[in-house]
Amino acid sequence: MNDFSYIKAENLEHATREIQTPETKIVAGGTNLIDLMKYFVVNPESLMDVNAISELKEIKTTESGSLVLGALASNAETAYHPAVEEKYPLLSQAILAGASAQIRNMASNGGNLLQKTRCYYFYDPHVPCNKRIPGSGCPAKTGFNRMHAILGHSEDCIAVFPSDMCVALAALNAVVHITGNSGNRTVPFSEFHLLPGNTPHIDNVLKDNEIIIGIELPDEDFSSQYSYLKIRERSSYAFALISVATAFKMNYNVISEARIALGGVAHKPWRNGDAETYLKGKPASEEHFAKAADIILKDASAFKHNEYKIKLAKKAIVRNCKMALDLSSHRVGAKPSL
Amino acid sequence: MNEKNLQKVQMTINGSPQTLEIKPWVSLLDALRHHLHLTGTKKGCDHGQCGACTVLVDGKRVLSCLTLAVMKDGADTKTIEGIGSAENLHPLQQAFIKHDAFQCGYCTPGQICSAIGLLDEGKAQTREEVQDLMSGNLCRCGANRGIMNAIMEVKNAEL
């Protein structure tokens, strides 16, 4: 990696002051950033270590009953936290389906939101990539695109967002808490990550001089009918081909509220309000799950090597809806069941 | 920052205090192997994908190839050199020998450090869960079954 200067942030105010320049990158767990630097994809002039800002490591319940996950709490701490396991088990399950135990021990919650796509062309600084170098082209569209998007892609970029945790956060309507020079603000999770459009070099709404401080989970109970399903080429330690986070609120056999988010299909976790509205008030049956899947995948379009994703996504949605109704079907590693 | 951009880092390694003056871009893995001559920890992929570089930092299993040494100022690190001794093997080391859990031995230090981390985490119950929680450590020789048998034996003995 390039030679860079190393700064250790003493507190949040110090950190906010130091990241005024785009050449200074924040490092927390480092599990993606250090890797990107080793490949010379990212070459910051200076790295600011925020790990001493202990107030950002807390996971705590607020007065209103919501749960705030500190941006610097590790993915592992979050997945195993009693408050998360009890009230937001979908999030626990999704986090534990991702990466490896070692990486989960190191990785921060904030960093998980900010991780970059693993598109092979993005990761290779010797080839064009509109995300790395705007206007240089997208080799993935006509290249090896097995892992790439089937929804929300653009002429400029067909990359996929690889996080598992974020698919669950999207389904649970999390809210991202941000601080910066202009003060504090919150962003609903669905608005945090962006579609590529003609600005694929911009992944999310976080400005250069802002820091994620926490992720808030609303006081809603989706702990009875939920499931995270991850379809991948191995049983573990691989990115999703397709993943689905499903959660229901039920009134006997009738769905009173449905949440379905997809991973592995787009530049951000994918939700479809029409499908969720369709399911509301319907009996929880395979027929209705399949119709919801059709709604979600209606505008899907594939490339030479990822055509399989469309049918796979539909089947995964139906299967995961069934798994959500029967918690005994869950398998470690979010493997398929039923 | 001084002219040469060297940072002073103080760490405890296997119980001994160590002080390094290194560039910020030196990984913990390279600091252990090159600066401290502790070559037990192996460099497999150097990109966080194989687990051969697994060590225990402040009691948690982590990948030393994706850790910058400068970020671990004040940390307490344990490497394979700090696990057991020739005269007094750690139960996992004994179990690895008993269950034929290594062939070339290259993944082994990472496997053992990772397994110690797994046992300390206390989350894995079934064999399937142990397999899943050890999935960050790859073995190309195919000693996986022996590795699992070794870990299960030690895990069950701890009950």
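On a predicted model such as this, the values are computed, not experimentally measured, just so you know. Note on naming: letters A, B, ... go to the chains in the order of the sequence lines (proteins, then strands), and numbering restarts at 1 for each one.
- One distance of note links CD of Gln102(A) with SG of Cys65(B); it measures 10.0 Å at 0.5 Å rounding.
- Residues Trp25(B) and Met1(A) come closest through the heavy atom pair CB-CG, 3.5 Å.
- Note that the CD1 atom of Ile34(A) and the CG atom of Leu28(B) stand 11.5 Å from one another [nearest 0.5 Å].
- When every heavy atom of Ser135(B) is checked against every heavy atom of Tyr237(A), the shortest pair comes out as O-CD2, 3.2 Å.
- Closest non-hydrogen pair, Val70(B) versus Tyr6(A), comes out as O-OH, 3.5 Å.
- Using a 4.5 Å cut-off between heavy atoms, Asn2(A) touches chain B through its backbone atoms (N, CA, C, O) alone.
- When heavy atoms are compared at a cutoff of 4.5 Å, Leu68(B) approaches chain A solely by way of its side chain, counted from C-beta outward.
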From CA spacing to verdict: salt bridge (Lys or Arg N to Asp or Glu O under 4.0 Å), Lys335(A), Glu128(B): CA-CA 12 Å; Lys335(A) 291 194 276 275; Glu128(B) 194 185 9; 3.4 Å; yes

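- Every pair passing ring-ring contact (aromatic ring centres under 6.0 Å, His included) that includes a residue from residues 32-75 of chain B is listed here, sequence neighbours excluded: Tyr39(A)-His47(B).
- Using a 4.5 Å cut-off between non-hydrogen atoms, the part of residues 48-60 of chain B that approaches chain A consists of Gly48(B), Gln49(B), Cys50(B), Gly51(B), Thr54(B), Lys60(B).
- No more than 12 heavy-atom neighbours from other residues, nucleotides or ligands sit within 6.0 angstrom of CZ on Arg140(B).
- By the 6.0 Å contact criterion, NZ on Lys78(B) is open, its count of non-hydrogen atoms from other residues, nucleotides or ligands being 12 or less.
- Distance check, rounded to the nearest 0.5 Å: CG of Leu47(A) to CE of Met71(B) gives 7.0 Å.
- Counting only residues at least two apart or in different chains, ring-ring contact (aromatic ring centres under 6.0 Å, His included) contacts with residues 87-119 of chain B are absent.
- Around NZ of Lys25(A), the count of heavy atoms belonging to other residues, nucleotides or ligands within 6.0 Å does not exceed 12.
- Only the side chain of Asp49(A) comes within contact range of chain B, judged by heavy atoms closer than 4.5 Å.
- Here the CG atom belonging to Asn105(A) is positioned 6.5 Å from the CZ atom belonging to Arg61(B), to the nearest 0.5 angstrom.
- Proximity to chain A (any heavy atom under 4.5 Å) is shown, for Gln131(B), by neither the backbone nor the side chain.
- The closest donor-acceptor contact from the side chain of Asn5(B) to the backbone of Phe4(A) lies under 3.5 Å.
- Going from atom OG of Ser235(A) over to atom CG of Asp132(B) covers 9.0 Å, rounded to the nearest 0.5 Å.
- Sorted by first and then second residue, the salt bridge (charged side-chain N to carboxylate O under 4.0 Å, His left out) pairs involving residues 94-116 of chain B (not counting sequence neighbours) are Lys98(B)-Glu153(B).
- Taking both residues in full, the closest heavy atoms of Val62(B) and Met106(A) are given as CG1-CG, 3.5 Å, listed atom of the first, atom of the second, then distance.
- In this structure, CG in Leu66(B) is found 6.5 Å from CD1 in Ile103(A), a value given to the nearest 0.5 Å.
- Only the backbone of Ala28(A) comes within contact range of chain B, judged by heavy atoms closer than 4.5 Å.
- Within a 6.0 Å radius of CZ in Arg331(A), other residues, nucleotides and ligands contribute more than 12 heavy atoms.
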